[in-house]
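Naming convention: chains lettered A, B, ... in sequence-line order (proteins, then strands); numbering from 1 in each chain.
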Number of protein chains: 2
Amino acid sequence: MTKNLGPAAARRTFDEEVVLDAAAHVFRKHGFGGATVREVAQAAGMLPGSLHYRYPSKEALLLDLMERALNRVLALGRSAVESARDPAERLRLGLRAHIEALLSGDDDFYVLLYDWRSLEGAAMLGMLRLRARYEAFWDDLLQDAARAGWVRPGIDLELVRQFGFGAMNWVAQWRQETDPRTPADIADAFWSYLAFGLLAEDKRRGFGQTTRKRKGGRR
Amino acid sequence: MTKNLGPAAARRTFDEEVVLDAAAHVFRKHGFGGATVREVAQAAGMLPGSLHYRYPSKEALLLDLMERALNRVLALGRSAVESARDPAERLRLGLRAHIEALLSGDDDFYVLLYDWRSLEGAAMLGMLRLRARYEAFWDDLLQDAARAGWVRPGIDLELVRQFGFGAMNWVAQWRQETDPRTPADIADAFWSYLAFGLLAEDKRRGFGQTTRKRKGGRR
DNA sequence: AGACTTCTTGGTCAAATGACCAAGAACCTC
DNA sequence: GAGGTTCTTGGTCATTTGACCAAGAAGTCT
């Protein structure tokens, strides 16, 4: 299967992948707190000592894992989006990429989503910095769309990003393997709801089209 | 503070609340797997033995806790919604109630959101049944709106529910105590985005207003 | 106040857990 | 194939963990 990739270093990275895959699987199943290094080792096909040789602590595993996850979504998002110039289309493609990543079966993303609270101190800060890059990726997409006049006025783009993140990430929670909707179906439906809204044409009058009764001023 | 509510039974329920509050706090902080019964006991102001007297196991705590959480959101949602007849307004009020609950500081909801994976077997099934009641509450709201002609055709209401759940629940993740937006602000903004969509008026032509390229047929 | 129930105390117990390591096997390089 | 490096083995070790309990204290009721 995996032919000889060259000398030692290559196998080392390969091994690391295997270990992180195992960790992702176990952490996803039990949560970081509930998982044991022994089970990770077993899932990786090695003894606990061998795992310890590669990773000195459980937390180190979590860190590398979440970093890998973040790099992966970011890479997938960027590559998905680059094929289109149109800002709205780029948003749609980004949405697709994110949801397809989540539903690809890669356990990494679940750990990224659900074990955030297990990070501490510097580890947390590092992750936040990395996460900020992904958020910036989306903010760019949104701002490009807004600048090109695609977005109706009065919309808080940061709120939209969070709104979208929530909707997308939640898919990992509810979507079953047996669901007839493909990831792309779901993404496109989400895009359509988000872009056009739910209301029927004849019901769109009579409501403030931006938030009603604003409280604080814009920041 | 808490005046004598009457005889023993009252204090017992009060005690149980205290214990569940403590459990909610600890589970939220470390996750169910990472939390210890000792810490729960301490947070509840009692020795581990006393906690054991009330709850025979850690899992029993989780169960009661999640049940309480589910009953709470459901009750809050129902009561928020009953003041309006208009289907769109009822949706907006439901959204508000859900988000305000999440941001109220009640730890229960975080446990409900993040420790689902710690449930097993019958416990899981029981929770699913309870959760279904909350989902049904929302489906009713959505179907009422659709039946009254508020929703543009071709929209998958179940998908909309999940879409909304995701957006709402995610708020618990990102919203900081220092955020100038009130929970109601956020809820109303979400409602506006969901109802009207993001696109500017002049950009709404030329796209299929429902999902493009449907794959499977409608179920 | 006496009888009874409820709850707490302070601890035990076996199992699990994260971290660690000495000794040796496997591998690589020259 | 010798010498050095990398990795594995099989285990140890101090803690922590969930569960449990006998004995007594506190509360309740009549």
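The side chain of A/R38 places no N or O atom within less than 4.0 Å of a non-bridging phosphate oxygen (OP1 or OP2) of C/dA19. For C/dC7, the OP1/OP2 oxygens have a side-chain nitrogen or oxygen of B/Y53 closer than 4.0 Å. Remark: A/R54 is in phosphate contact with D/dT8, judged by side-chain N or O atoms under 4.0 Å from OP1 or OP2.
For the pair B/E120 CD and D/dG18 P, the computed distance is 15 Å after rounding to whole Å. When rounded to the nearest whole Å, the span between NE2 of A/H30 and P of C/dA16 equals 13 Å. Note: NZ (B/K58) to P (D/dA19) measures 8 Å, nearest angstrom. Atom CG in A/L61 sits roughly 11 Å away from atom P in C/dG18 (whole-Å rounding). The distance between atom OH of A/Y55 and atom P of D/dT6, rounded to the nearest whole Å, is 17 Å. The CG-C1' distance, from B/L47 to C/dT9, rounds to 6 Å in whole Å. Rounded to whole Å, atom P of D/dT17 lies 19 Å from atom CD of B/E59. Rounded to whole angstrom, the span from the CD atom of B/Q42 across to the P atom of C/dT8 amounts to 16 Å.
Map A/L51 and A/P48 each onto its nearest nucleotide of DNA chain D; the residue landing nearer the 5' end is A/L51. Closest-nucleotide positions on DNA chain C for A/G34 and A/G49 were compared, and the one nearer the 5' end corresponds to A/G34.
Each of A/D106, A/D107, A/D21 was scored for a salt bridge (Lys or Arg N to Asp or Glu O under 4.0 Å) with A/R68, with one residue passing: A/D21.
Out of D/dG18, D/dC20, C/dA19, the shortest distance to the side chain of B/H52 is found at D/dC20. For B/S50, counting side-chain heavy atoms from C-beta on, the closest listed nucleotide (C/dT8, D/dT8, C/dG18) is C/dT8.
The local environment of CD in B/Q42 is sparse, with at most 12 non-hydrogen atoms from other residues, nucleotides or ligands closer than 6.0 Å.
Residue A/A41 is classed as having no contact, given no heavy-atom separation below 4.0 Å to the nucleic acid. At the heavy-atom level, A/A60 lies nowhere under 4.0 Å from the strands shown.
Classified by interplanar angle (parallel below 30°, tilted 30° to 60°, perpendicular above 60°), the ring pair B/W138/B/Y134 is perpendicular. Relative ring orientation between B/Y110 and B/Y114 is described as tilted, the plane-to-plane angle lying within the 30° to 60° band.
Taking NZ from B/K58 and CZ from B/F27, the interatomic distance works out to 6.0 Å, rounded to the nearest 0.5 Å.
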